[in-house]
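Comments concern the structure below.
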Amino acid sequence: MSEVQTLPTDILNARIKESIAASGEELIRLRRHLHSQPELSWEEVNTTAFVCSYLDELGIRYRKTTPTGVIAEIQGGKPGKTVALRADMDALSVEQIDKQLPYASQEEGKMHACGHDAHTSMLLVAARALNEIKAELPGTVRLIFQPAEEVAQGAREMVRQGAVEGVDNVFGIHIWSQMPTHTVACSPGPSFASADLFTVTFQGRGGHGAMPQDCIDTAIVASSFVMNVQSIVSRTVAPRHPAVVTVGKMTVGTRFNIIAEHAVIEGTVRCFDPATRDHIEQQLQHYADQVAALYGAKAQLDYVRGTQAVINEESSARLVQQVAAAAFGEQVLYEEEPTMGGEDFSFYLDEVPGSFALVGSGNADKDTQWAHHHGKFNIDEDALATGAELYAQYAWAYLNR
């Protein structure tokens, strides 16, 4: 991590630190409850009710969003700006492998395999700490408990329903198993890539496998496309603009002795640069058309834009670094390379400045180093306090800046 101008420790709120430190067991209880009760995107009904119940206990005002999700506010005792803190809530269609865990998923085929249970728990405890000092807050803290991040739809819908209206700055956290526990990464500039979906459908002419001369075999057409499409990145995109084109699924054919009449290919495109994104979409159309023409087939490309790239605004990212160094010591600051993963937090950053931090939770001694979206994914629960305090201290520091 580049040199950070550390804030004096008195810029932090001592009562926040004490509150978070005293909430260790509460953090684990909340996270384990949510982990055992995972709900998929747009199905977070019980999770929404759980969040609302906790906010009711704290006396924090909120409103439910449609169909799921919560937007709450802690109104400070002094006038000032508004900072938003975001946590996502949805789980994945992943079967948990470690079923012996006392808090293992109780829903077959569903699992919090990306850490959203941790995010929600950390923000709830951060809300508790901030609510305890609300008389001292110079401004307002908005709490966004967001559904449907995993399908890249929730943030856009929360924005549509007013999540960032009147907000001056927005901050989010993602637990990150590829970083050691008690580390924090938040560099200015690109953090997560844009993430798009493409589908290419080839139309040929089927027939008997013994009579290929009468057919247009889409198995060959699709295979040719898959083999050639990687040259879009390797030969038409400048190396200084990283990009990934991945074909993840190909459906072709119905029987061993029937030449396939249709083929459908699905894939994803990841990059950071908007011009590169436009170029790759155009090239996918070009490659599909040209490969189809070579064999006498027809091609149709459907390109769906998912998340934008997450680009951390510089002053916000620097403030995260300063807060983390002041709260935990400069040794926690970690230099993590931008990831080609997607995150719909980008839709908040389209509206207001802000930043998105990674909080390390990887610990091989606790078997929490598994990749996100894996059936053995888990987190080192010692990371929960780091994330909760970072949420709360960032809001305090921003409003007092």
Please lay out, stage by stage, how H33 and F50 fare under the test ring-ring contact (aromatic ring centres under 6.0 Å, His included). CA-CA 10 Å; H33 169 80; F50 182 80; 4.4 Å; yes
Classify the side-chain pair E132/S19 by whether it contains a donor and acceptor separated by less than 3.5 Å. yes
Short side-chain donor-acceptor distance under 3.5 Å, E337 and T339: no
With a 4.5 Å cut-off on side-chain heavy atoms, are M250 and E266 touching? no
L349 side chain reached by I311 side chain, heavy atoms, under 4.5 Å: no
Do I173 and M122 make a side-chain contact, defined as non-hydrogen atoms from C-beta onward lying under 4.5 Å apart? yes
Are side-chain heavy atoms of V51 and L124 found at a separation under 4.5 Å? yes
Please give me the minimum heavy-atom distance between Y62 and A72, naming the atom from each residue. CB-CB, 3.7 Å
Please say whether more than 12 non-hydrogen atoms of neighbouring residues, nucleotides or ligands are located less than 6.0 Å from NZ in K99. yes
Any salt bridge between R15 and E136, counting N to O under 4.0 Å? yes
Would you call R270 and D196 a salt bridge, using N to O less than 4.0 angstrom? no
Distance only, no hydrogens: is a donor on one side chain within 3.5 Å (strictly under) of an acceptor on the other, for Q369 and S177? no
For a 4.5 angstrom cut-off between non-hydrogen side-chain atoms, does L34 reach T120? yes
For F192 and W176, I'd like to know if the aromatic rings sit close, meaning centre-to-centre distance below 6.0 Å. yes
Using 0.5 Å steps for rounding, measure from the CD1 atom of I175 to the OG atom of S121. 10.0 Å
Candidate pair Y287 and F225, rule ring-ring contact (aromatic ring centres under 6.0 Å, His included), full reasoning: CA-CA 7 Å; Y287 273 61; F225 176 83; 7.3 Å; no
Set out, in order, the CA-CA distance, both residues' side-chain angles and the distance that settles salt bridge (Lys or Arg N to Asp or Glu O under 4.0 Å) for E43 and K110, then state yes or no. CA-CA 12 Å; E43 299 176 5; K110 301 177 185 179; 3.8 Å; yes
Run the salt-bridge test on R305 and D278 with the 4.0 Å N-O cut-off and return the result as yes or no. yes
Donor on one side chain, acceptor on other, D380 and T368, under 3.5 Å: no
Euclidean distance, S224 OG relative to F202 CZ, rounded to 0.5 Å: 8.0 Å
Does L358 reach the side chain of M179, with side-chain heavy atoms less than 4.5 Å apart? yes
Interatomic spacing from CG in L137 to CG in N13 - rounded to 0.5 Å: 8.0 Å
Compare all side-chain heavy atoms of R63 with those of I71 and state whether any distance is below 4.5 angstrom. yes
Under 3.5 Å, which donor-acceptor pairs link side chains of residues 289-298 to any protein atom two or more places apart or in another chain?
residue : atom : partner : partner atom : Å
D289    : OD1  : Q285    : NE2          : 3.1
D289    : OD2  : Q285    : NE2          : 3.3

Looking at E157 and R160, is there a salt bridge between them, counting it only when a charged N and a carboxylate O are closer than 4.0 Å? yes
Basic-acidic side-chain contact under 4.0 Å: R205, E261: no
Salt bridge (charged side-chain N to carboxylate O under 4.0 Å, His left out) partners for E381, two or more places apart: R31, R32
So, are E351 and R156 salt-bridged, with charged N and O less than 4.0 Å apart? no
For residues S194 and Q308, is any side-chain donor paired with an opposing acceptor at under 3.5 Å? no
Taking atom NZ as the centre, does K376 end up with more than 12 heavy-atom neighbours from other residues, nucleotides or ligands that are less than 6.0 angstrom away? yes
Which is it for E73 and R142 under the salt bridge (Lys or Arg N to Asp or Glu O under 4.0 Å) test, yes or no, and what are the steps along the way? CA-CA 4 Å; E73 276 196 354; R142 186 168 297 171; 2.6 Å; yes
How close do A397 and L319 get, counting heavy atoms only, and between which atoms? CB-CD1, 4.2 Å
Do T68 and E44 meet the criterion of a side-chain donor-acceptor pair at a distance under 3.5 Å? yes
Any side-chain donor paired with an acceptor under 3.5 Å for Q96 and H35? yes
Checking side-chain polar atoms at under 3.5 Å, does R318 have a donor or acceptor matched by the opposite partner on S316? no
Taking the six-membered ring for Trp, is the centroid-to-centroid distance between H241 and F272 below 6.0 Å? no
With heavy-atom distances below 4.5 Å as the criterion, would you say the side chains of V352 and N169 are in contact? no
Which pairs of donor and acceptor atoms, one on a side chain in residues 82-89, lie under 3.5 Å apart (sequence neighbours left out)?
residue : atom : partner : partner atom : Å
R86     : NE   : Q146    : OE1          : 3.0
R86     : NH1  : E343    : OE1          : 3.4
R86     : NH1  : E343    : OE2          : 3.4
R86     : NH2  : Q146    : OE1          : 3.2
R86     : NH2  : E343    : OE1          : 3.1
R86     : NH2  : D344    : OD1          : 2.9
D88     : OD1  : H119    : ND1          : 2.6
D88     : OD2  : H116    : NE2          : 3.3

Going by atom types alone, do S105 and H112 pair a side-chain donor with an acceptor below 3.5 Å? no
Side-chain donor-acceptor pair under 3.5 Å between T218 and H262, yes or no? no
